[in-house]
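In what follows, every heavy atom counts, from backbone to side chain, and hydrogens, waters and symmetry copies are set aside. Naming convention: chains lettered A, B, ... in sequence-line order (proteins, then strands); numbering from 1 in each chain.
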Number of protein chains: 4
Amino acid sequence: MFVQQFFVRGIAHSSYLLGGGDTCAIVDPQRDVQIYIDAAEEMGMRITHILETHLHADFVSGHLDLEEETGARIFAPKSARCAFRHVGVSEGDRIRVEDMTISVVETPGHTPEHVSYVVTDEGRGKEPVAVFCGDTLFVGDVGRPDLFPGRAEELAEKLFHSLHAKLMKLPDFCEVYPAHGAGSLCGRALGAKRTSTIGYERRFNAALAISDRTTFIRSLTTNMPAAPDHFGRCSTINRKGPTLTHTLPGPAPLSPAQFGARLRRKGTVALDIRQYDAFGGQHVPGSYNIDSGGNFATFAGWVLPPGKDILLVSNTDEEAAEASQMLRRVGLDRVAGYLDGGTFAWAKEGLPTAHVPQLSTDEFHRLINGTRPVIVCDVRARGEFEARHIKGAINVPAPDLRTKYRALDRKKTIAVVCSTGHRSSLAASLLKQRGFEDVVNIAGGMTGYAAAGYAGECPMCAAPHMPAMSRMA
Amino acid sequence: MFVQQFFVRGIAHSSYLLGGGDTCAIVDPQRDVQIYIDAAEEMGMRITHILETHLHADFVSGHLDLEEETGARIFAPKSARCAFRHVGVSEGDRIRVEDMTISVVETPGHTPEHVSYVVTDEGRGKEPVAVFCGDTLFVGDVGRPDLFPGRAEELAEKLFHSLHAKLMKLPDFCEVYPAHGAGSLCGRALGAKRTSTIGYERRFNAALAISDRTTFIRSLTTNMPAAPDHFGRCSTINRKGPTLTHTLPGPAPLSPAQFGARLRRKGTVALDIRQYDAFGGQHVPGSYNIDSGGNFATFAGWVLPPGKDILLVSNTDEEAAEASQMLRRVGLDRVAGYLDGGTFAWAKEGLPTAHVPQLSTDEFHRLINGTRPVIVCDVRARGEFEARHIKGAINVPAPDLRTKYRALDRKKTIAVVCSTGHRSSLAASLLKQRGFEDVVNIAGGMTGYAAAGYAGECPMCAAPHMPAMSRMA
Amino acid sequence: MFVQQFFVRGIAHSSYLLGGGDTCAIVDPQRDVQIYIDAAEEMGMRITHILETHLHADFVSGHLDLEEETGARIFAPKSARCAFRHVGVSEGDRIRVEDMTISVVETPGHTPEHVSYVVTDEGRGKEPVAVFCGDTLFVGDVGRPDLFPGRAEELAEKLFHSLHAKLMKLPDFCEVYPAHGAGSLCGRALGAKRTSTIGYERRFNAALAISDRTTFIRSLTTNMPAAPDHFGRCSTINRKGPTLTHTLPGPAPLSPAQFGARLRRKGTVALDIRQYDAFGGQHVPGSYNIDSGGNFATFAGWVLPPGKDILLVSNTDEEAAEASQMLRRVGLDRVAGYLDGGTFAWAKEGLPTAHVPQLSTDEFHRLINGTRPVIVCDVRARGEFEARHIKGAINVPAPDLRTKYRALDRKKTIAVVCSTGHRSSLAASLLKQRGFEDVVNIAGGMTGYAAAGYAGECPMCAAPHMPAMSRMA
Amino acid sequence: MFVQQFFVRGIAHSSYLLGGGDTCAIVDPQRDVQIYIDAAEEMGMRITHILETHLHADFVSGHLDLEEETGARIFAPKSARCAFRHVGVSEGDRIRVEDMTISVVETPGHTPEHVSYVVTDEGRGKEPVAVFCGDTLFVGDVGRPDLFPGRAEELAEKLFHSLHAKLMKLPDFCEVYPAHGAGSLCGRALGAKRTSTIGYERRFNAALAISDRTTFIRSLTTNMPAAPDHFGRCSTINRKGPTLTHTLPGPAPLSPAQFGARLRRKGTVALDIRQYDAFGGQHVPGSYNIDSGGNFATFAGWVLPPGKDILLVSNTDEEAAEASQMLRRVGLDRVAGYLDGGTFAWAKEGLPTAHVPQLSTDEFHRLINGTRPVIVCDVRARGEFEARHIKGAINVPAPDLRTKYRALDRKKTIAVVCSTGHRSSLAASLLKQRGFEDVVNIAGGMTGYAAAGYAGECPMCAAPHMPAMSRMA
């Protein structure tokens, strides 16, 4: 028996190769499946099984692509009623891969159809060696049950049962292989460690420590982090079966004139994937700014309107191609092209640009202590904001600005701030799209602000949330 | 807390990055340390600690290189009496890396100075989350205690104590991170899985299942696999501190004339790293053949005489450079050059070559059923031989031919066979060096022989071992 | 004006990017056209024109692929009557690319429809700066006119006129950009230098120095090197328009069992692209051996039967993929797969193999001076053989063995020799296919033989050519 | 005989491999010499000769590095009095490389010691086939003679003689291989084509067309483009012999704190190699901005003070390493480190930043037609400015701002403009260093301005040069 973990930054997704001697299963594959094919070839194994624990909400699965490439069989929860050819599995089913017996345990909660795969290595012993538990149990956390409107309590209750009556019945020594790690929005506070054991989680997992069902349900349905918009969409795509990636065209290079013309077409948006300073320097008016760093795919899935064609602005062709692949991971398949030559080609054509001033910590400090009317709009998640923020700042998580912008006073300078300057640049781009003219981005964000020692001068306090905003003048 | 495993094929060595948020420790680093520096950079961490569990016998450690590159501090067992600057640790010592407490537990047995590092993640709980146990406990096996001549029983007894009185006191849920995986000669039968838990090993590890001390000692000191010659050398190098790799020159290209002249110098050997069919086709007379596949480093460490300059014959410059790096892993630092242009350049100079005929399964079958006097020399390890072999074959593990060749009749055809044809090509090269003229290699080895269905005709049986050889005539 | 040359080893083909400021033409493109697209992009140019000087005999043109990728227009000789969309050009036509005027000059001779493109850089002056003369005039040589059976004299006469009445009318300073360099079989003795000038060639080109028409014709139609079999095929493909390469599948990995089954199908051949020593060590019986070195594509086009599926045996997947691309250059598009795992996987299945002993110079010398009946079969081209060879050797250029093998005595050892050992390994494979059992290859070839100082002992002499072979006994 | 050209963008430098069959010479090598070693190896040649035409002013030669790597001998003009081991050559000397005779012709003018190498291919004929003429004769231009203060006329006269009495004596068909192509500042207007012939240049080279010596001298000593500051330095380095590159350390990663501390040390400057929009968005105060595009090395050599340590700000580690290599080409060897994590890491530490607003064409138009007092500072070369510029703009070539800034009114907005926005960003950085606070960069430059159709509204006119500046109010 052999286990190899694959981790995708950004969506913090873990998938697995579970191998015997000659054949192997892939558990919860990501959409770009070549890495599994390469890994299996390096180990001298053939991929014969594809196991899905549930209909993933946060990314598009590679099940169909992997089946197409390898001929392996897809196993998925029967109750998911997937639309493609697969083996539907339910409680008690057993899958045999060489010496290994993989038992299906239904563990609804994060989603209604969720199952876990418990592995016994018959070559070594009769007790379970590991469980692939998807988004049911994480290292230090549990899967969130609040993604289905109106069903949060029902699912939280099921999750309680799945955890305590099912997974916690596994022996202490059983290894835990979850589908996500730190950074995922499928839980609240996942640990950096990427695997664990039943026994360790039994003792030190805060969510599992809540032994009272009602308390557990309340805890898991209250004050949960926001769920990105694409979470629903991905589930639907995964049930129906995503488009095979080899049938999707790569992004085409577009001259500035072609880019401009294409952008004027209905149903087309521009997405600038450069860093905040370059975006601030100059950008195509109206474009979204989500730099191709850590959380690119998540924020893109969150704020980009689905069903539209996407035009990319990047530093290089390669970055456009990579971004295109990352967008596919969250079901955004319609990248139509990219600006060939970037903003430099655009500028050389004399085309209009927009800008966002980038303020250093010092400049920011002077701004909020000056006489210019300013709103400090902290676009971090509520939890981050509550932990520590600037006095008088209002909190609107970046994606929420798509609707909550209305409460902001357009006559004032809007200073957007997040932890480092990246998310706030997205926020700035959203405000600019909505006609705000005086928007500045705080480079370095609250991290820089604290590092410069300004925290003391601006003591943190509770601030009202939108829409009852306090304004700074 | 974060753990990343690094695995080196061939020597089947596992090392680890154990990280907090900003800093990390590297446990039992391999000699080529750039991978740790890259990994740490990708995670945004600084390497601050280097932890050695023991003086590794099978590979040269990267501790000094890593210290040089990063400024991190080396921690090693105090009783190892290492000759370089380090912090000596012993039972009960505690090392703090951010939220983690790393406790030193002395676990002698595989080596006298061996320690294990037990990690508690104070951020989550007070019980140990994992143990880095080096070569004390493996997945499915334990470290061999027989590497020190005359001390096998003493060390086996210590190992028994280290396992039962120390490691088995850890809780079931504690994760086990050993320094080796399947393929290592530091144990007898390591599992393919690369990590485990205390509880799982407690239940299903065959060596741990022997509860009687005497039986355990006998088991671990009897019928152990052969230990390669370099096992002693590496320990010594690791205690003294290996040469920093950036001070070692890369292999120089040598023209056929230069190669030939260099090879005639005393204290120089030729090592041909090509596959058996190319070696068989033509090679520089007197060269060793160890193809650059899976077990290259181990066999090179085993059979090459230490303290000699090595000249490489390869297909390409790149392969020579890679081989040079692999040789450094087992302490063979004196690669002086490689044959520029390979054997084709050699042949174009009209220089002499030697050959080893490569027999297919059918040809082999005809040979041993024909009238030509032949010795079938099976060069696999004893365990492989005993499991199944050709009737009348004699068993001399390939490295042993360096001395046991004397018992072979030079007048007969020597047919060397292993499992696939690679190890037997090494055996053939050793025999050719010793003046045997009629040596043939069995391409495909016993694997091909069985696949062709010949096993039935040549039933397996017990065969006497050297020196009481049976001869086939 | 800007000129960049692209050179393909093996077929010794030169093509050109002829650029203005923003746009450029590609002259005589090779089939794998990405290099032009990349070069044009790096220069900031758009490819707008594709110029063909003639229907190339020795390689398949990239005209259609390049049109598909760039939308550029194809220009080709009107008299070639190409079957695809193009602009047919004839004497006096002018093509304008920015500041450059490209004048069409009909220069039949190498082929009947051949034209040259004379370029004037209007930005600098009214006289021609360069001529793209295809296979009419080379550095140090002229195009051979003997490729069309029965038309050699007629075409030689036309060539004389094209050279003297057309190209030699250009001024001395005009640069000469031919379609081939040293190594091409489209001429007899092309120079290593890849460009020249009209004036230099006027003075020092041996073929041009023959001022008498009749002598010129006789010279160009007598004792010409053999023309590979694919020379006719490529012309036909280029007229009709080759298959677009992006529609051709890559070679599929085949297990030994699949490879064997596929090979038994009618209309399938195996091509081993490894070097002679590995091929000699073991190979799939019946396979051709053309190693993937310098002349791979030419020899493959020459000896492989067209219209058959090709299965590759290589060291790696990458080499199989590269070979597949090189085969496409000579119109061999039907690579169906490659042996996954190579001959090692084949041997592990116990499948039959064949062998060719590789003799060193010394061994060869002993062989021909021994008592074993031997035929030394020198498989170099006639010119090479005549310059110097072993006494008593017979000369059959390697490809000719496909038919001339009948005159060889199967009871004798056939020692195949070429200049270095590579071509003779192809010869050996052809003989093995035809049932010869005792074939040995001379590693290092005549180069090694001479380097070892044996030339003196075996003085060179005239040897009869096939079929009146002399035999050595 | 074989010739291969190597071209380095940016400094527009051409060097050559001049080969026989087994050995070759390298003419005027660039400092990073691995490309020659690789090319020679690919051709199967050994590098035996290194030929220098003169002491290059615009780049540091690779002569010593190449000698060190290959053992080849350096040939240089005797009158250069080079300080390292070499063979000094003078008029009439002959160097033999296999079949080639290389004759030395003294061709002073661009520099006093300049020689040309005329090659005869004895294997083909007795007349010269090519001349390596360094910076004496270019395609469409001649070398500038004005780089030595006070000696311009003397050298122009020598150049006239070298051209007409020496190079023009060569036959028309002789090929011309110069040391520079379009983009070099060693001439005034080099052609895009990279080689030529004596005959073509004789007829169409404008400088050669001036048959009157006095007119020639006046032409070549009047209105020459500015010579970068490093032109003198490189000559000195090349005479003395540059530091061997393998002894130079690569740039070290520096944390923001380390970078800041290092920057405060005397004798240290910061160089930001990012594009103008990112630099404009935020940058380390006081840094130079020269983006790593086409003319990076030339502008760096020009404006960076020699003898100072350089700290780089880049997007990635790789870009810092590449920039470091490019800087070495112009003799800037003292790159001490780069900002690890870039400006984002800097901002997260809350450190101060500076900014340059990037104006689009429209914004620029509104600015100069508005009421805010503005100076349009056109930083292109004089020739570019004179061809076409905005009414009222003043012309100060970017490097000249280092001294001529004093004449600019600090109370006005300074709008810097060049052809595209890159050079003007360097200009902006120079002004910011000198305390100008209100500096804006025109993204897209005059190219964008013209493309947007604004040229008509702002008719081009003659504008006074510094110091008699016209101001726009």
Q: Tell me, for A:Leu351 versus chain D, whether the close heavy atoms (under 4.5 Å) come from the side chain, the backbone, both or neither.
A: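 Contact with chain D: backbone only.
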
Q: Would you list the atom pairs in which one atom of chain D and one of chain A form a donor-acceptor pair under 3.5 Å?
A:
residue  : atom : partner  : partner atom : Å
D:Arg274 : NH1  : A:Asp277 : OD2          : 2.7
D:Tyr276 : OH   : A:Gln282 : NE2          : 3.2
D:Asp277 : OD2  : A:Arg274 : NH1          : 2.8
D:Asp277 : OD2  : A:Thr343 : OG1          : 3.1
D:Gln282 : NE2  : A:Tyr276 : OH           : 3.2
D:Thr343 : OG1  : A:Asp277 : OD2          : 3.1
D:Lys348 : O    : A:Gly448 : N            : 3.3
D:His355 : ND1  : A:Gln358 : O            : 3.1
D:His355 : NE2  : A:Gln358 : O            : 3.2
D:His355 : NE2  : A:Glu363 : OE1          : 2.7
D:His355 : NE2  : A:Glu363 : OE2          : 2.9
D:Gln358 : O    : A:His355 : ND1          : 3.1
D:Gln358 : O    : A:His355 : NE2          : 3.2
D:Glu363 : OE1  : A:His355 : NE2          : 2.7
D:Glu363 : OE2  : A:His355 : NE2          : 2.9
D:Gly448 : N    : A:Lys348 : O            : 3.4

Q: Which pair of heavy atoms, one from A:Gly350 and one from D:Ala451, lies closest together, and at what distance?
A: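 Minimum heavy-atom separation between A:Gly350 and D:Ala451: N-CB, 4.2 Å.
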
Q: Which of the residues A:Ala345, A:Gly280, A:Ala443, A:Ala354 is involved in the greatest number of heavy-atom pairs with chain D at under 4.5 angstrom?
A: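 Of A:Ala345, A:Gly280, A:Ala443, A:Ala354, A:Ala443 has the most heavy-atom pairs under 4.5 Å with chain D.
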
